[in-house]
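Have a look at the structure below before the remarks.
Start at 1 and go down the list; that is how both ligands and their atoms are numbered. This structure is a prediction, so every number in the text was calculated from the model and none was measured.
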Amino acid sequence: MLLRGVWRGLRHRVAAACSPCIPRAYSAACSEGPGSAIKYEMPEHLQSMPQERDPLFTAMVAYNYHSAVAKLVPMFEKSMKGRQRLTDGQRKHRVEGIMRIMGSCSACVEVTFPVKLDDGSFTLITGYRAHHSVHKIPVKGGIRFSSDVCSDEVKGLAALMSYKTACVNAPFGGAKGGIKINPKDYSENELEKITRRYTLELVKRGFIGPGIDVPAPDMNTGPLEMSWIADQYAKTLGHADINSYATVTGKPINLGGVAGRQDATGRGVYLGTNSFIKEEALMQQIGLTPGWKDKTYVVQGFGNVGFHTARFFTKAGARCIGVVEWDCAIRSCDGINPHELLEHMKRTGSIKDFPGTEPVDREEMLLAECDILAPCATEKVIHLDNADKVKAKIIAEGANGPLTPAADKILMEKKVLIIPDIYLNAGGVTVSYFEWVKNVNHKSFGRLSLKYEEMTQLHLLDSVQKSLNKSLPNCNIEIHPSDEFKRRLLDASEKEIVRASLEATMEKTAGEIKFMAKEHNLGINMRIAAYCNALYKIYKCYEEAGLTL
Ligand SMILES: NC(=O)C1=CN([C@@H]2O[C@H](COP(=O)(O)OP(=O)(O)OC[C@H]3O[C@@H](n4cnc5c(N)ncnc54)[C@H](OP(=O)(O)O)[C@@H]3O)[C@@H](O)[C@H]2O)C=CC1
Ligand SMILES: O=C(O)CCC(=O)C(=O)O
């Protein structure tokens, strides 16, 4: 009886914590029903987006943004009605102003600087950093090294960061940076000089700092590059700032990194896909059975996100039948072991000739028959010309922007479920948020509470045992913690706390997105549902804080 009561209480608390948290103001606005004074239309220059083969990246993101705003206008207006001292005209101007600001990039710097190479010659390097929505400060987003980096790419990626952080309730604005280099062309010494000099250029322009802009890893960058950035900042502008190491996340643990950031994006891709794949009704709509058993998948890009995504998909019971990299693709109907493939890649520098696989054309593998396609490499890989040949039933967007709007349209007509980037790959920024919190608090998670919690749990068992023996004096009941209970108590660590919190974030956000999809009759269009989820939160920030000084 007593135990059942305790369990029931716990269950209610867990259920409350996991239920989708719909912003209170949003539900109120919904219940009043739509009816709009603002006639909202897709801007003319974006109207051809669903027919475009190779759109600008910023235009792609803007198209998705405007598609979601069109759904939300009545809610924005209803919410603004609360501002009773404003006239109808003033309210309308405010809503229109907020809609404009939420879709625009607030600043973007381009820097060019010389670097002395190992052979004594000099080269000029160009880098960028874009700040998109500054409704929350600091802004946040990765830094990539790639020869494709340009102003349009970083601006579009920064916009995705604004929407991504809002979608998963990470309290940041959006940013992104990049250095236009192929890192394979440089030695480690040269890469360090480039990274440090780029950091200095951001410092000089007020574009980096723990309360201003907090970069993180992205394509071709990882803990090493982040430690150079942290060190450079701490030795210059941040030399007297106790929070200086909070100026970048994704750092090695010894420099203030958090346990679990390295695999966080891939883990989030798995957790997010799991939140959709377990839903029977949704899977029925796309012609799949729920769950991971017997599912096949193909992954494109076997870097940080791709490898960990594959690792978790396989662990859940799915079979990897193909991997596509920039130089080749491999296939095996029997399944590819992600750990063994990683070892092979480390040894040989490529996925080529991995034992038990056959080489296959890259495009053919991308479009091959499978249940889940996980694009985890780069932008616009599924587009107008190949979308109708995709045979996967689920697209799990590990990468940012892998599908163009034309691809979205074609795939949705084919009843393919697209789990969108701004939700699915947000595990990285979520755990980056935990790292930033750890850095500004100057203590690791659990440092002050784990032992106390362990003792409290053991006292709880003891107290239940004593109460039962008091009520049932002849029974001599002994309560022993189960093996799993003991494991959880003894293995409790920062890593466990981070994993559990990431899982809670991905589950809760999935609930919010599904709610939006239903509320706005979006069917399986989870991209626009995720944008709606993000934009309503950003809108409320601007509505409450105002737009101008
Ligand atoms: N790292 C993170 O935490 C996050 C990353 N992302 C996104 O995930 C994607 C991948 O990032 P990440 O894993 O960090 O990057 P990595 O550099 O670790 O991995 C990218 C992998 O994709 C390969 N690749 C590059 N271009 C192609 C291509 N055209 N076709 C097939 N493979 C290709 C790369 O090969 P090679 O190295 O040889 O060029 C590399 O193996 C990006 O879109 C990024 O923005 C999103 C959220 C967070
Ligand atoms: O961890 C972060 O702060 C940002 C990661 C990132 O660049 C992304 O989500 O695209």
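- Residue contact check: Asp218 has heavy atoms under 4.0 Å from atoms 7 (O), 10 (O) of ligand 2.
- Heavy-atom contacts of Gly142 reach the following atoms of ligand 2: 4 (C), 6 (C), 7 (O) (cutoff under 4.0 Å).
- Summarising the local packing, NZ of Lys315 is surrounded by 12 or fewer heavy atoms from other residues, nucleotides or ligands at distances under 6.0 Å.
- Of all atoms in ligand 2, listed by their number and element, those nearer than 4.0 Å to a heavy atom of Lys164 are 8 (C), 9 (O), 10 (O).
- Considering backbone and side-chain N/O of Glu379, none are found under 3.5 Å from N/O of ligand 1.
- In terms of protein heavy-atom proximity, atom 19 (O) of ligand 1 is closest to Gly303 CA, 3.2 Å.
- The aromatic ring centres of Tyr198 and Trp228 sit 6.0 Å or more apart.
- Those atoms of ligand 1 that come under 4.0 Å of a heavy atom in Arg144, given as number and element, are 42 (C), 43 (O), 44 (C), 45 (O).
- Close approach of ligand 1 to Gly398 (heavy-atom distance below 4.0 Å) involves ligand atoms 7 (C), 8 (O), 46 (C).
- Shown in contact with Arg261 at under 4.0 Å from a heavy atom are these atoms of ligand 1, numbered in order with element: 3 (O).
- Rounding to the nearest 0.5 Å places OG of Ser67 at 10.0 Å from CZ of Arg527.
- Partner of Ile524 under the side-chain contact (heavy atoms from CB on, under 4.5 Å) criterion, out of Leu411, Val416, Ile418, Leu417: Leu417 alone.
- From the protein, the heavy atom lying nearest to atom 17 (O) of ligand 1 is Asn220 N, 2.8 Å.
- Every atom of ligand 1 with a heavy atom of Asn425 under 4.0 Å away is listed here by number and element: 46 (C), 47 (C).
- Applying the 4.0 Å criterion to heavy atoms of Lys140 picks out, from ligand 2, the atoms 2 (C), 3 (O).
- Taken to the nearest 0.5 Å, the CE atom of Met226 stands 11.5 Å off from the OG1 atom of Thr247.
- The heavy atom nearest to atom 14 (O) of ligand 1, considering only Leu366, Val324, Asp218, is found in Asp218.
- Of the protein's non-hydrogen atoms, Met219 CG, 3.7 Å is the one closest to atom 11 (O) of ligand 1.
- Scanning Ala264, Cys376, Pro375, Ala377 for the heavy atom closest to atom 33 (C) of ligand 1 points to Ala377.
- The aromatic rings of Phe207 and His131 sit parallel, their planes meeting at an angle under 30°, below the 60° perpendicular limit.
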Determine all donor-acceptor pairs shorter than 3.5 Å in which one atom belongs to a side chain in residues 318-330; sequence neighbours excluded.
{"unit_1": "Arg319", "atom_1": "NH1", "unit_2": "Cys333", "atom_2": "O", "d": "2.3"}
{"unit_1": "Glu325", "atom_1": "OE2", "unit_2": "Phe302", "atom_2": "N", "d": "2.6"}
{"unit_1": "Asp327", "atom_1": "OD2", "unit_2": "Ser350", "atom_2": "OG", "d": "3.4"}

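- By the 3.5 Å distance cut-off applied to N or O atoms, Thr378 is not counted among the residues near ligand 1.
- Close to ligand 2: Met161, with a non-hydrogen atom less than 4.0 angstrom away.
- Below 4.0 Å from some heavy atom of Asn400 lie the following atoms of ligand 2, by number and element: 10 (O).
- In the vicinity of Arg362, heavy-atom distances shorter than 4.0 Å reach the ligand 1 atoms 28 (C), 29 (N), 30 (N).
- Of all protein heavy atoms, the one closest to atom 22 (O) of ligand 1 is Gly301 CA, 3.4 Å.
- The shortest N/O to N/O separation between Asn400 and ligand 1 falls below 3.5 Å.
- No close placement of the Tyr65 and Tyr531 rings is indicated, their centers lying 6.0 Å or farther apart.
- In terms of protein heavy-atom proximity, atom 27 (C) of ligand 1 is nearest to Trp326 CB, 3.7 Å.
- Of all atoms in ligand 2, listed by their number and element, those nearer than 4.0 Å to a heavy atom of Ser432 are 1 (O), 2 (C), 3 (O).
- Between Thr249 and the options Lys140, Lys438, Arg261, a side-chain hydrogen bond (donor to acceptor under 3.5 Å, both in side chains) holds for only Lys140.
- Remark: the Tyr542 side chain and the Ser133 side chain contain an N/O donor-acceptor pair separated by less than 3.5 Å.
- Counting only non-hydrogen atoms, the option in Glu397, Gln300, Lys380, Lys184 that gets closest to atom 36 (P) of ligand 1 is Lys184.
- Nearest protein neighbour of atom 6 (C) of ligand 2, counting heavy atoms only, is Lys176 NZ, 3.5 Å.
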#### Entry: Working for side-chain hydrogen bond (donor to acceptor under 3.5 Å, both in side chains), residues Ser147 and Asn182
CA-CA 5 Å; Ser147 5; Asn182 179 353; 4.8 Å; no

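- Taking 4.5 Å as the limit, every side-chain heavy atom of Leu224 sits out of range of all side-chain heavy atoms of Leu191.
- Ranked by closest heavy atom to atom 3 (O) of ligand 1, the top entry among Thr265, Asn304, Thr249, Leu424 is Thr265.
- Numbered from 1 in the order shown, with element, the atoms of ligand 2 that lie under 4.0 Å from a heavy atom of Gly428 read 1 (O).
- Atom CD of Glu188 has 12 or fewer neighbouring heavy atoms from other residues, nucleotides or ligands inside a 6.0 Å radius.
- Heavy-atom neighbours of Arg205 CZ from other residues, nucleotides or ligands within 6.0 Å: above the threshold of 12.
- With a 4.0 Å cut-off on non-hydrogen atoms, Val429 touches ligand 2 through its backbone as well as its side chain.
- A cation-pi arrangement is absent between Lys176 and Tyr128, since the terminal nitrogen or guanidinium carbon is not both under 6.0 Å from the aromatic centre and inside a 45° cone about the axis.
- Residues Glu201 and Arg197 are paired through a salt bridge, judged by an N-O separation under 4.0 Å between the basic side chain and the carboxylate.
- The distance from the CG atom of Asp388 to the CG atom of Leu367 is 9.0 Å, given to the nearest 0.5 Å.
- Annotation: atom 41 (O) of ligand 1 to nearest protein heavy atom, Glu325 OE2, 2.6 Å.
- What sits closest to atom 5 (C) of ligand 2 on the protein, heavy atoms only, is Arg261 NH2, 3.9 Å.
- Side-chain contact between Tyr63 and Pro50 is present, with heavy atoms from C-beta onward closer than 4.5 Å.
- At the top of the distance list for atom 12 (P) of ligand 1, counting protein heavy atoms only, stands Val305 CG2, 3.8 Å.
- For atom 2 (C) of ligand 2, the closest heavy atom belonging to the protein is Ala216 CB, 3.2 Å.
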